[in-house]
Amino acid sequence: MRVALRNITKRFGTTLALENISLEVGDGELLALVGPSGCGKTTILRLIAGFETPDAGDILFNDQSVLGVPPERRGVGLVFQNYALFPHMNVFQNVAYGLKFVTSPLAPPLKGEGVGGRSCVQELLDLVGLKGLEHRMPAELSAGQQQRVALARALAPNPKVLLLDEPLSALDAKLRERLRLEIKKIQRSLKITTLYVTHDQEEALAVADRVAVMSVAHIEQIGPPQEVYHAPATEFVARFIGRGNLVTGQIVGRDGESLVISVGGKMIRARSAYGKLRQSVTVLVRPERIHINQPAENILMGTIRGIEFAGDTLWVHVEAAGTTLIAKANALDTTLHEGDIVQVGFATSDISLVPSDQRSPPTPSQEPSQR
Amino acid sequence: MLRRAALVALLIGSVLAWGTAFSLAQAGEGSKLVVYVYESFVAWGPAKFIKTEFEKRNPGVEVEFVATGPSRAMLARLINELITGGTPADIFMGEINDVPRLKKFGFLVPLSEQEIPNLKTVSKELLLDPDMTLIPYEHGFITLVYDSDKLKPEELPTTFAELTKSQYQKKLIIQNPLTSSVGHAFLFWTIYNYGDPGYLDYWRQLLPTILTIQPGWSAAYKLFTKGEAPMVVSFSTDACFDARYKPLLLNNQGYRTIFGAGIVKSTDNPRLSRAFLDFLLSAEVQEKLPDTEVMFPANSQAKLPEKWQTCAVIPPSPVMLSLDLVAENDDRWLDEWARLVVRGR
Amino acid sequence: MGQARRPGTVGSVRPFGRAFTLTPRPSPLRGRGVGGEGLLLLFPLLFLVIFFYAPLAHLLREGLTKDGIFSLEFIRRILTDDYFQHVILFTLWQAFLSTLASIALGLPLAYILTHYDFPLKRVIRALTIVPFVLPAITVALGFALLFGRNGYLNQFLMSLFGLSEPPLPIMYSLTGIVLAHAFYNAPIITRTVHAAWERLDPRYEESARALGASRFYVFKDVTLPMILPGLLSGAALVFIFCFLSFPIVLSVGGGRFSTIEVEVYTRVVTRLDPQFLNYKIGAALALIGLVLSLMMTYIYLRMQGSLARQAEHVRPRPTVPLFAGVRDFLRPTKLLLWLYMLFSLLVFVGPMLAIVADSLWEDTPTGGRWTLRWYSYIFTPDYEALLGDSPLRAILNSLSFGLGATAIAVPLGLIFAYVIARLRWGGRRLFDTLLMAPLATSSIVLAFALLRAFNAPPFRLVGTATAVIIAHAVIIFPFIVRALVPVLENLDMKIVEMARSLGASRWRALREIELPLVATGLIAGAVFAFALSLGEMSATLMLARPGLNTMPVAVYRFLSQHSLGAPSAMSVVMIVVSALAFVVLERLGERALKL
Ligand SMILES: Nc1ncnc2c1ncn2[C@@H]1O[C@H](COP(=O)(O)OP(=O)(O)O)[C@@H](O)[C@H]1O
Ligand SMILES: [Mg+2]
């Protein structure tokens with residue numbers, strides 16, 4: 001099932017929750033919707049599920065508009081952040097609930113293998129790793145178990161689309177990491193079209209086929225995780241996704257394939273086809289691309305202002321070119337100390353340019369003049 | 001904020017409440033005459049006249065009518081007070097059928113003509129209590145009353161027997177003998193005519209005629225005037241109030257109902273109480289009763305209003321069960337009646 | 001003739017200053033023992049024992065003694081008599097049917113209040129309590145005018161279909177009793193369910209719909225079980241009120257039905273005998289009635305306890321406009337809704353409109369005409385019927401007794417609710433049940449018990465406003481308890497602990513955290529309690545002397561004389577005054593609690 005949003009606008013009173021949003025999720029694809037709290041992610045899910053109606057635009061399932069279709073007939077599976085497990089039903093009853101309403105022989109319960117509801121529920125509980133807990137009440141489950149029940153419940157009626165609204169945000173970090181892998185595995189095995197909402201960019205990158213990054217009421221960028229990480233389309237995306245060093249500079253010249261950019265009075269080179277002389281740009285360098293005291297195409301001198309220990313990694317804060325850069329270093333490196341003067345270096349190809357201006361893409365340059 | 005709100009509520013509440021209580025406490029206790037009476041006596045008006053006139057005649061005296069229910073409810077209140085901390089009541093006014101009961105409770109003072117001079121004006125036929133504990137001050141006749149717009153004279157039943165005919169199905173509203181003295185009198189009337197236990201058979205036949213049994217006269221009469229049924233059990237004098245509603249005498253009878261007043265033994269104002277009873281029987285008060293209570297005065301010398309010559313009907317044969325018979329059987333009758341009406345057997 | 005007593009959650013948060021002492025403070029109310037704060041209980045308990053339990057026990061003892069010694073003779077006599085068996089079963093049966101009818105009538109209204117937005121919603125919500133205060137006689141009259149043989153409805157149907165006999169025999173039947181009880185009590189269901197529904201996280205219902213459940217199944221499988229505690233809470237109150245109903249059974253039932261309360265009244269009032277035998281039977285009957293309704297209460301409390309669950313903090317449920325264009329107006333579900341509203345208008349508003357019409361109508365020899373004379377009649381200052389009590393005085397009395405009683409009942413109910421909800425001790429459900437006794441006691445027996453209590457030293461208060469106010473407070477406080485216990489029990493203690501960790505004393509945490517969180521319940525309970533006081537008649541009449549008459553007493557007074565439109569006019573005055581009082585009281589409450 002392909003799901004598409006076409007030019008969707010949604011208002012709540014005076015709040016503009018979504019403005020002219022378009023989005024497409026391919027058949028069997030897992031799209032992660034990531035953005036800060038309050039940007040409208042839940043609203044998108046609720047629109048797809050049918051709990052809200054858009055003020056403008058259309059929602060299509062396999063090119064068919066579903067705007068007039070009530071939620072119970074859209075065939076979507078839904079998992080809320082708080083799981084909303086029916087507190088008066090046990091695990092089995094919760095999972096079996098949706099099977100009551102599967103009436104069409106054309107839409108048999110999950111996989112079509114389950115003969116009747118019971119074996120299907122058992123299968124699902126196996127799948128989510130809750131075998132033997134059928135008779136527990138939701139209040140008697142741990143948060144992680146509740147999450148699994150919620151997932152099993154949503155999957156039971158064999159939905160065509162799975163909508164997950166911050167499914168893991170109530171769990172601790174370790175569990176989150178484990179469960180997101182499991183969710184991904186299950187999603188792959190069922191080949192179910194999935195929209196996965198999260199405010200955790202790391203989770204989004206880890207789990208998704210493609211990631212859609214939202215700012216308030218808008219989608220900033222949609223693309224595979226690598227693209228979103230390495231080539232953010234906007235400054236917003238660059239800041240939101242991953243840890244990164246964003247510094248502003250000015251294009252002062254072009255040197256063959258590279259642009260020459262002045263950052264805090266120091267010149268650095270970045271590989272880019274575009275760029276106009278004297279244009280102000282934002283430069284993104286990921287911490288893992290910064291090397292300390294090693295030869296590189298771009299070298300800046302700086303002072304170590306702080307070192308964070310993170311197990312296998314050291315996060316080194318270096319003051320250079322009038323700003324603070326974060327570099328990732330090997331934890332085994334014992335040569336670095338606070339106050340040391342060091343060289344920070346990075347390759348021309350490891351620098352991305354992000355237009356400082358919010359939503360306009362980098363303008364193709366007229367022939368930039370030599371310095 | 002919360003505290004202030006609660007405080008304000010408390011303040012308003014208590015100021016209003018104490019204000020009310022205070023204005024009551026102002027009246028002095030000693031010269032107060034407290035009269036327990038059924039509520040209609042106050043509602044219909046004579047109480048106001050009596051209070052004003054009696055207070056005028058006895059300066060410094062205050063008359064307080066406590067009328068918080070029908071006759072028997074007032075009696076029950078009085079008794080409950082007497083068996084706990086005592087009662088403020090000096091005078092009790094109620095129905096004569098309760099006299100034997102009242103005597104057994106033994107809290108009313110026997111009276112005589114010496115003490116109440118006006119007693120000699122009372123028609124002898126009303127003086128049913130030899131000890132004079134409850135002195136009659138008014139009387140009337142329970143009859144049926146019909147709506148002359150709904151029933152033509154030739155359609156009317158003339159006997160109790162005719163009343164049970166199918167043409168009168170659901171045409172009659174009565175009062176519950178368990179809660180209303182009018183309904184009580186109607187029950188006695190059927191017993192007078194059909195005897196004990198014959199009355200139960202009669203009631204069995206009567207039930208289809210009855211549209212509804214209302215808890216009190218007022219509610220019954222209101223439904224009657226709103227056209228729910230064309231006949232109601234009421235008083236032979238009703239036409240004096242509205243000529244459209246005329247009395248209907250069954251078996252040429254009317255069941256006599258008498259109301260009397262007596263003095264409570266525990267009174268601290270025996271002299272004033274006697275004066276009150278005497279005043280109650282004076283022509284001045286008695287002549288007010290037809291217009292206010294729509295009842296006949298007990299004082300045979302009291303003049304009736306002009307129009308009563310025509311509108312007030314005195315049945316050719318007034319009937320009444322003896323008080324002793326009532327005293328002996330009343331509780332059983334009520335019990336049997338209730339079982340019949342509620343269970344249909 | 002007394003009216004049956006009519007049925008049946010405050011603060012602003014200021015940031016905690018730094019001025020708290022750091023000395024550790026024991027928290028007795030959380031633990032097992034009842035320490036210093038337990039003393040807080042002493043005063044209200046004493047109050048109840050003196051003004052309620054002791055007098056009641058004293059009176060009911062009559063039903064358990066013969067010749068001064070303990071005897072079950074009267075109980076046995078009642079339980080072996082097939083008439084009384086019939087009466088007891090009928091009492092239970094009609095209360096059961098009436099509760100069902102109240103749910104049927106009240107539930108859709110709760111749905112409308114929870115899900116839709118419409119003009120004057122808050123006012124209308126406040127007005128739903130009005131039926132609750134009306135004297136039985138007014139309701140009986142309104143029903144007769146509307147549903148009687150000659151009533152508007154039958155007249156209309158007869159002329160519509162050319163019938164010669166009235167087609168709807170609603171009055172003077174069990175149907176009439178049940179409908180009239182629903183008229184009185186559906187508002188309780190509406191209010192309690194509305195409160196529970198509003199707190200229900202809509203995501204439960206959305207999950208179910210996404211799983212394929214239609215609206216009907218969502219309601220049946222998810223919504224209903226989750227609002228059940230609220231529904232049960234309302235239903236239990238309704239059951240108790242209908243169980244004790246008395247003037248409605250007599251007048252709307254047309255005298256062919258008898259309930260325990262009717263029997264109690266006739267035994268202790270009209271059939272009072274010098275040997276006090278009937279009195280003893282009446283006391284025994286009242287005792288049986290009390291035990292039966294307390295048993296029902298206990299069962300309900302157990303059920304509710306097992307259903308109670310932590311309420312989560314959710315964003316307010318979305319509401320949609322009730323009126324959203326012509327096409328929406330004609331949707332099948334909306335049509336169903338309109339149909340229901342038509343029916344509920346007929347049952348709720350119809351009888352009141354009939355009373356209004358009656359108050360403006362005067363019969364004349366040539367038919368009749370519209371008139372305002374009944375209003376000028378009741379407001380004639382020296383009108384004789386009330387003798388010292390003008391209707392204005394009655395209005396003032398009603399409002400002051402109501403406010404005074406509510407002012408006592410709120411702290412009383414709050415303390416008890418708190419103790420029940422927060423203390424973990426074995427007997428709490430039983431204690432809770434016993435606190436409901438004032439609602440579950442025969443009103444006439446309660447009135448006599450109070451008369452006896454206030455007629456003996458040291459509290460010789462009969463005939464004073466104080467007596468009436470205390471009596472009303474005792475009668476109405478269980479409403480506050482009932483409204484608060486479920487809410488307090490569901491309140492997450494973590495919030496309170498959080499406040500205390502921030503340095504708030506136990507008292508401040510209560511006042512600034514817990515109270516505001518239970519505010520809706522408290523206000524609803526207080527308004528209902530106030531309404532109960534406005535409508536109370538049995539005890540008022542028993543304790544009153546001239547000058548203390550209230551609005552319902554005035555209605556009765558006007559009815560017991562020949563001025564035909566006056567009782568209706570007084571009823572209308574009462575409807576208007578109480579409606580205004582409810583709206584103002586709710587607003588003030590909400591303002592005070594910054595809702
Ligand atoms: N039912 C509603 N009524 C009013 N405003 C709402 C409603 N639902 C969402 N909003 C507003 O719409 C915006 C987007 O909300 P939401 O989609 O829940 O954000 P997210 O899930 O990304 O945190 C927020 O400003 C929120 O306050
Ligand atoms: Mg969200």
Side-chain angles (χ1 to χ4, degrees), chain A residues 12-13 38 42-43 45-46 48-53 69-89 93-104 107 109 137-139 149-166 170, chain C residues 115 117 196-197 199-232 303-321 324-325 327-328 331-334 486 489-490 492 494:
Chain A
F12 294 105
T42 301
T43 306
L45 286 203
R46 294 172 57 81
I48 298 174
F51 297 122
E52 308 281 0
T53 3
V69 182
E72 66 269 27
R73 300 231 308 278
R74 289 199 184 183
V76 298
L78 195 56
V79 175
F80 286 116
Q81 180 182 351
N82 70 342
Y83 318 133
L85 296 181
F86 306 133
H88 55 296
M89 301 183 191
Q93 289 164 330
N94 261 285
V95 176
Y97 188 74
L99 296 173
K100 270 172 72 165
F101 309 103
V102 180
T103 45
S104 157
M137 297 304 280
V149 177
L151 186 64
R153 180 178 73 175
L155 292 172
N158 193 14
K160 302 290 164 289
V161 181
L162 182 62
L163 305 175
L164 306 170
D165 192 357
E166 315 225 2
Chain C
H115 292 264
D117 253 337
W197 212 331
R199 288 199 307 267
L200 175 60
D201 190 335
R203 282 176 292 191
Y204 290 115
E205 287 143 317
E206 288 168 359
S207 295
R209 285 201 84 187
L211 289 168
S214 62
R215 280 165 194 274
F216 169 75
Y217 276 102
V218 173
F219 181 78
K220 174 174 137 323
D221 296 337
V222 180
T223 317
L224 190 61
M226 298 187 71
I227 58 175
L228 205 56
L231 182 61
L232 274 177
M303 265 159 73
Q304 199 193 32
S306 67
L307 285 170
R309 55 186 65 91
Q310 214 81 20
E312 284 159 72
H313 285 270
V314 294
R315 59 177 158 197
R317 287 180 78 90
T319 50
V320 296
R327 278 193 44 202
D328 177 75
R331 270 176 32 215
T333 41
K334 275 285 167 68
E489 273 181 345
N490 279 351
D492 193 346
K494 277 182 286 202

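None of these values were measured; they are calculated from a predicted model.
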Measure the spacing between CG of A:N82 and OG of C:S207 and express it to the nearest 0.5 Å. 7.5 Å
Heavy atoms only: give me the nearest A:A154-C:L211 pair and the separation to one decimal. CA-CD2, 4.0 Å
Can you tell me which portion of A:A139 sits under 4.5 Å from chain C's heavy atoms? Options are side chain, backbone, both or neither. neither
Which atoms form the tightest heavy-atom contact between C:A210 and A:F51, and what is the distance? N-CZ, 4.2 Å
So which heavy atom on C:Y204 is nearest to which on A:F86, and how close? O-CE2, 3.3 Å
Write down the atom of C:A213, the atom of A:E72, and the distance for their closest heavy-atom approach. O-CB, 3.2 Å
Toward chain C, the part of A:L85 with a non-hydrogen atom under 4.5 Å: backbone
side-chain contact (heavy atoms from CB on, under 4.5 Å) with A:P71: which of C:R209, C:E206, C:E205? C:R209
For A:Y97 and C:Y217, which heavy atoms make the closest approach, and how far apart are they? OH-O, 3.4 Å
Can you tell me if A:R73 has over 12 outside heavy atoms packed within less than 6.0 Å of its CZ? no
